[in-house]
Amino acid sequence: MSSAHKKPWLVLSLMTAALLAAAVFLALWGRNEEAASAAAPAAIPASVGNWGLSFPTEGQAPTGNASPADLAKYDSYYLGDTSQKVIYLTFDCGYENGYTGQILDALKKHGAPAAFFVVGHMIESAPDIVRRMAAEGHVVGNHTFHHPDMSSISQQDAFQKELDSLAQLYQQTTGRPLSRFYRPPQGKYSEENLKQAQALGYKTIFWSLAYVDWNTDSQPTAEQAYSKLLPRIHNGAIVLLHSTSRTNAEILDELLTKWENMGYTFASLEALPNTFT
């Protein structure tokens with residue numbers, strides 16, 4: 001066979017070898033990335049753009065983008081009292097999807113206080129539900145009026161407008177002042193945001209346990225929810241759930257019972273410790 005006929009086979013062989021080498025490289029790179037993530041330090045400066053967690057040990061408090069002590073400088077939290085088997089329940093409420101009443105029923109049955117972080121649309125479209133939250137003793141917190149990426153807002157007056165507009169609407173709707181707890185939309189924040197919220201008298205609340213419950217078009221099964229929420233629960237957990245979730249509404253009564261059977265009790269964000277070391 002002439003060399004002209006051999007060249008296509010040679011090129012194909014070289015291309016195959018290159019693809020195999022690339023696949024091996026990507027596999028090793030992925031493993032290295034996982035190892036680096038697992039070895040991430042416990043305290044990362046509070047300038048990271050998105051709140052994130054890693055769970056090195058099930059049943060123990062996770063590592064966050066910033067340590068409790070770092071966040072405490074800005075009156076910010078992702079954990080509560082880790083010396084006690086206590087859970088702080090929080091719900092993000094972008095809009096009313098027909099499930100908040102059932103969630104409130106389950107909380108009332110268990111005598112469990114919660115915090116509901118609301119936006120302008122939630123108050124405008126479901127004022128009676130928002131009034132019920134307050135009347136039943138739950139914290140109603142500030143999730144901003146329009147739910148923007150707050151980490152992109154650097155000016156204090158623009159930042160304040162998002163929070164003040166929501167607080168004013170809540171006051172007009174309920175006749176009550178809005179609590180001074182703030183949750184950044186989508187967990188996006190900057191160190192400057194933490195300072196801005198603190199200057200306005202707010203405590204910024206992140207979370208130490210959540211799961212993918214926000215996609216209303218693809219809700220998890222009860223078993224999938226339990227597989228995340230039961231083994232990863234821990235002392236002082238600030239749990240983030242979404243009130244738009246059908247799954248959360250259906251399982252909350254049983255979920256609270258399961259946590260109670262594990263020895264946990266529920267506390268309000270107002271009971272968060274004032275200092276961390």
Between Arg132 and Asp105, is there a side-chain N and carboxylate O pair less than 4.0 Å apart?
yes

State whether the side chain of [X] and the backbone N or O of [Y] hold a donor-acceptor pair below 3.5 Å, judged by distance alone.
{"X": "Glu96", "Y": "Gly98", "result": "yes"}
{"X": "Glu254", "Y": "Ile251", "result": "no"}
{"X": "Asn65", "Y": "Asn50", "result": "yes"}
{"X": "Thr57", "Y": "Gln60", "result": "no"}
{"X": "Glu162", "Y": "Ala158", "result": "no"}
{"X": "Thr257", "Y": "Asp253", "result": "yes"}
{"X": "Ser165", "Y": "Lys161", "result": "yes"}
{"X": "Ser179", "Y": "Val140", "result": "yes"}

Does any part of the side chain of [Y], heavy atoms only, come nearer than 4.5 Å to the side chain of [X], both counted from C-beta?
{"X": "Met150", "Y": "Tyr189", "value": "no"}
{"X": "Cys93", "Y": "Ser243", "value": "yes"}
{"X": "Tyr78", "Y": "Trp51", "value": "yes"}
{"X": "Leu255", "Y": "Leu229", "value": "yes"}
{"X": "Leu166", "Y": "His143", "value": "no"}
{"X": "Val130", "Y": "Thr174", "value": "yes"}
{"X": "Ile233", "Y": "Met262", "value": "yes"}
{"X": "Asn193", "Y": "Pro184", "value": "no"}

Any luck finding a side-chain donor-acceptor pair between [X] and [Y] under 3.5 Å?
{"X": "Asn248", "Y": "Tyr211", "value": "yes"}
{"X": "Tyr99", "Y": "Glu250", "value": "no"}
{"X": "Glu192", "Y": "Ser154", "value": "no"}
{"X": "His242", "Y": "Asn97", "value": "no"}
{"X": "Asp157", "Y": "Gln160", "value": "no"}

Report all side-chain donor-acceptor pairs from residues 120-128 shorter than 3.5 Å, counting only partners two or more places apart or in another chain.
residue : atom : partner : partner atom : Å
Ser125  : OG   : His121  : O            : 2.7
Asp128  : OD1  : Arg131  : NH1          : 2.6

So if I apply the side-chain hydrogen bond (donor to acceptor under 3.5 Å, both in side chains) rule between Tyr74 and each of Gln196, Lys195, Glu191, Gln198, which one comes out positive?
Glu191

Between Phe116 and Phe181, does the ring centre distance come in under 6.0 Å?
no

Quick check: are there more than 12 heavy atoms from other residues, nucleotides or ligands sitting under 6.0 Å from NZ of Lys85?
yes

Group every Ile, Leu, Val, Met, Phe, Trp and Tyr by side-chain heavy-atom contacts under 4.5 Å, then state whether Val212 and Phe117 land in the same group.
no

Tabulate below the donor-acceptor pairs under 3.5 Å that side-chain atoms of residues 202-209 make, not counting sequence neighbours, or state none.
residue : atom : partner : partner atom : Å
Tyr202  : OH   : Asn142  : ND2          : 3.1
Ser208  : OG   : His234  : NE2          : 2.8
Ser208  : OG   : Ile238  : N            : 3.0

Nearest 0.5 angstrom please: Leu241 CG to Thr247 OG1, how far?
11.0 Å

